[in-house]
Amino acid sequence: SWAWHLKGGGAYLMHRFTLHQDNGSHTFIQHYGRFPAPVAGAGVSYKWAYLEADYYHGLGGSNGFMGQSYNWPQTTEMIVAWFGFRLPIGG
């Protein structure tokens, strides 16, 4: 049987990237960042398999969510597709 579902919630996104400045000094600059994101999604399942798509929209960025500095986010929006299998655990 087919089963549809909607999903809502939140996520705490983290990123890290390194810049290599090749001007003879071989300088590496690392940026770390964290920011919250609301999440909305929808999906469908059939028997033991499911397919879902989620949308993440980051709050904050270089100015931060509550005034903190979170460096540069590499992205502020994401759509993530999931495919999986439901395995029953227990009786």
Can you list every pair that meets salt bridge (Lys or Arg N to Asp or Glu O under 4.0 Å) and has a residue in residues 1-13, with sequence neighbours left out?
Lys7-Glu52, Lys7-Asp54

Taking atom CZ of Arg86 and atom OG of Ser45, what is their separation to the nearest 0.5 Å?
4.5 Å

Can you name the residues that form a side chain to side chain contact (heavy atoms under 4.5 Å, CB included) with Ala53, not counting sequence neighbours?
none

Going by ring-ring contact (aromatic ring centres under 6.0 Å, His included), name the residues that satisfy it together with Trp2, two or more places apart in sequence or in a different chain.
Tyr46

All side-chain hydrogen bond (donor to acceptor under 3.5 Å, both in side chains) counterparts of Tyr55, not counting sequence neighbours:
His57, Glu77

Looking only at heavy atoms, what is the nearest atom pair of Val44 and His5, with distance?
N-CE1, 4.0 Å

Heavy-atom nearest pair, Gly10 first then Val39, reads C-CG2, 3.9 Å

Can you give me the closest heavy-atom contact between Tyr56 and Ala11, atom names plus distance?
CE2-CB, 3.7 Å

Pairwise distance CH2(Trp82) to OH(Tyr50) - rounded to 0.5 angstrom
7.5 Å

Test of understanding: clusters of I, L, V, M, F, W, Y form through side-chain heavy atoms closer than 4.5 Å, transitively. Do Trp48 and Leu51 belong to the same one?
yes

